[in-house]
Chemist: 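Below: one structure in C-alpha cells.
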Protein chains: 2
Amino acid sequence: MSTPAFTRAEPDARRQSLIEACARVLAQVGAAGVSVRAIALEAGVSPGLVNHYFAGIDALVAATYGHVESQVSEAIGAALDAAGPRPRARLDAYVTASFAPPVASGELLATWIAFWSLARSRPEIARQHDEQYAQFRTALEALLAACGLAPAELRHAAIAITALVDGLWLELCLSPHAFSAAEACEIARAALDRLISTSRSTGSDSM
Amino acid sequence: MSTPAFTRAEPDARRQSLIEACARVLAQVGAAGVSVRAIALEAGVSPGLVNHYFAGIDALVAATYGHVESQVSEAIGAALDAAGPRPRARLDAYVTASFAPPVASGELLATWIAFWSLARSRPEIARQHDEQYAQFRTALEALLAACGLAPAELRHAAIAITALVDGLWLELCLSPHAFSAAEACEIARAALDRLISTSRSTGSDSM
DNA sequence: TCGCTTGTTGGACGATCGTATAACAAGTGT
DNA sequence: ACACTTGTTATACGATCGTCCAACAAGCGA
C-alpha cells in the first residue's frame, strides 16, 4: 500500500489533462472513434471522471476545440510578435505560421472536423464557432488596415484572405501529397501581394 | 395479402436509393448520428439490406461521397456550359455555381465533413479524395490556361483559386450569418480579377 | 491522530451499434 | 401451375456506447 491508488489533482489541471487527452484521441482515431472510455484511458483516469468534469462528451469536445483554437491563436500571435512591427512582415508571418506545425497538422484537423460535425447539429457550438471566427477576422482586418488598405475594402479582403489561407490549410492537412507547406506559403504570399495592393496598380508600397 | 410485403428493385436502383438515403441522414443528423438502421429507415427498407449491398457503413459513406461529388461536378459543369465559350465568363460561372444551391448547402457540407472524418483514418478513402481533388484541379488549370495564364503559373493559380473558393464555400455553409452568398460571389470575383491578371499589368487579354 | 469532505474509482445499466444468418416471398423461366 | 433463384425481411448476437451511482481513499482541518 505504499503507492497511492490515485492522486488528487487540482480541478483546473484535471480538466486541462482531460481536454488534452481528448485532443490526442481525436487525432488518433478521428471524430467517429472518440468516446468517454478512450479519453479516460488516454488520460490515465477512470471513465466516470469524464462525466464528473464535463456535462457530456459534446461539452468536452467543445472545450477541446476552444483549447486548440487558443493554441492556434497563441502560435500565430507569437509568430506575429516575432515578425516585428512592419505590417506586411506580420501578414507574411501569419501565413508562414498557418502552414507550419503546430497549426498545420493532421491531428489539429481531426479536432477541427469533429467540431464542425458538432456545430452542424448544436446551435450553441455553432455560435462558439461564429464568435471565434469573427474575432479572428476582426484582428486580421486591423492588420490589413495597418497595411494601408482602404476601410471600405477591409471586410471583403479579410474574408478573402481568411478563406484562402483556410482553404490551403485544409487541403494541406487533408492530403499532404498534393502540395507542400513551402508551396502553400509561396502561393499564399503571391496571392496576398495581389490582393492587398491598392486598386491603382502601384506596386511600390511594401518592398 | 393483396399488397406485397416488399418490392424487388433493380440492383443499381436500390444501391442508388440507399446512397441518397445516406446523404439525407448525413444532412439531418450529421456524421456522428449516421447508422445502418437510420439509413435503412430513411430508405424504407430493412436494416439488413444495407449490408447486402455495401461491405460496411464506411463503404456506403464513401459511395455517398462519390455520388455527391459527381452531383457537384455536374452542377458546376452545367453552369459552365450555360456560360458560353468565353473563358472568363466560365470562370465566373464556376464561382457563382459554387455559392448557390445545390453546391452551397449545409446538407452537402455534412456529407463532406463525414467523408473528411473517414479520410483521416482510412487510406483508401484518402486516396479517393486525392484523386477527385486532383481531377478537379486539372480541369481548373485548363480553364485558367484558356484565360491566358502562363503555363508556369497554372498550377499555383489553380491551387490558390480552389483554396479560395473552398474556403469561402466552407465558411458560407458552416455559418451563413457571417456573410451572404452574394457577398461570397463578389469577393471571389474581385479576387479572381487580381489573381489571374498577368504579372505585367496589362488588362486587355480576355475582355 | 481522527473524522470529514470530495475527488476518484470501477462496475452496472439500458440503449444502440454493426454484423451475421435463417426464414420468407417476389419474380421468372419452364 | 410449379419450382427455383435471390432480393428482402426480421431477428439474434456480441460489442460498445453514454450515463449513473455506491463505495473507496486521499488530503486536509480540527
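Per chain, numbering begins at 1; letters A, B, ... match sequence-line order. Computed from a predicted model, the values in this text were never measured in an experiment.
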Chemist: Checking A/Asp81 now: which residues fulfil side-chain contact (heavy atoms from CB on, under 4.5 Å) with it, not counting sequence neighbours?
Modeler: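 A/Asp81 satisfies side-chain contact (heavy atoms from CB on, under 4.5 Å) with A/Arg90 once adjacent residues are dropped.
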Chemist: With sequence neighbours left out, what residues match B/His129 under side-chain hydrogen bond (donor to acceptor under 3.5 Å, both in side chains)?
Modeler: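 Scan of B/His129 (side-chain hydrogen bond (donor to acceptor under 3.5 Å, both in side chains), adjacent residues dropped) gives none.
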Chemist: Tell me, please, which residues at least two apart from B/Glu74 pass side-chain contact (heavy atoms from CB on, under 4.5 Å).
Modeler: none
Chemist: With a non-hydrogen cut-off below 4.0 angstrom, is B/Val45 in contact with a base, only sugar-phosphate, or nothing?
Modeler: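 Touches sugar-phosphate only.
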Chemist: Taking only residues at least two apart or on different chains, which pairs with a member in residues 35-56 of chain A satisfy salt bridge (charged side-chain N to carboxylate O under 4.0 Å, His left out)?
Modeler: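 Matches after skipping sequence neighbours: A/Arg24-A/Glu42.
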Chemist: Return the set of residues passing side-chain hydrogen bond (donor to acceptor under 3.5 Å, both in side chains) with A/Glu20 (not counting sequence neighbours), or none when no residue passes.
Modeler: none
Chemist: Scan residues 127-139 of chain B for pairs that pass salt bridge (charged side-chain N to carboxylate O under 4.0 Å, His left out), counting only residues two or more places apart or in two chains.
Modeler: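 Of all non-adjacent pairs touching residues 127-139 of chain B, none passes salt bridge (charged side-chain N to carboxylate O under 4.0 Å, His left out).
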Chemist: To the nearest angstrom, how far is A/Phe54 atom CZ from D/dC20 atom P?
Modeler: 16 Å
Chemist: Using the side-chain hydrogen bond (donor to acceptor under 3.5 Å, both in side chains) criterion, which residues pair with A/Gln28? Sequence neighbours excluded.
Modeler: none
Chemist: Find out whether B/Ile57 and B/Ile39 are in side-chain contact, i.e. whether some heavy atom of one side chain is under 4.5 Å from a heavy atom of the other.
Modeler: yes
Chemist: Could you encode protein contacts along nucleotides 10-22 of chain C as a string, one character per nucleotide from 5' to 3', using B for base contact, S for sugar-phosphate-only contact and - for no contact, with a heavy-atom cut-off of under 4.0 Å?
Modeler: B-B----BBB---
Chemist: Residues of residues 15-26 of chain B with any non-hydrogen atom less than 4.0 angstrom from an atom of DNA chain D: list those, numerically ordered, please.
Modeler: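 Going residue by residue through residues 15-26 of chain B, none turns out to have a heavy atom under 4.0 Å of DNA chain D.
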Chemist: Rounded to whole Å, how long is the line connecting atom CG of A/Asp12 with atom P of C/dG7?
Modeler: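 Rounded to whole Å, this separation is 12 Å.
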Chemist: Indicate whether OP1 or OP2 belonging to C/dT8 is found under 4.0 Å from a side-chain N or O atom of A/Tyr53.
Modeler: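 Checking C/dT8 against A/Tyr53, a side-chain N or O does come within under 4.0 Å of OP1 or OP2.
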Chemist: Tell me the interatomic distance from A/Leu60, atom CG, to D/dC17, atom P, rounded to whole angstroms.
Modeler: 15 Å
Chemist: Please report, rounded to the nearest Å, how far the C1' atom of D/dG27 is from the CZ atom of A/Arg14.
Modeler: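 Going from CZ in A/Arg14 over to C1' in D/dG27 covers 14 Å.
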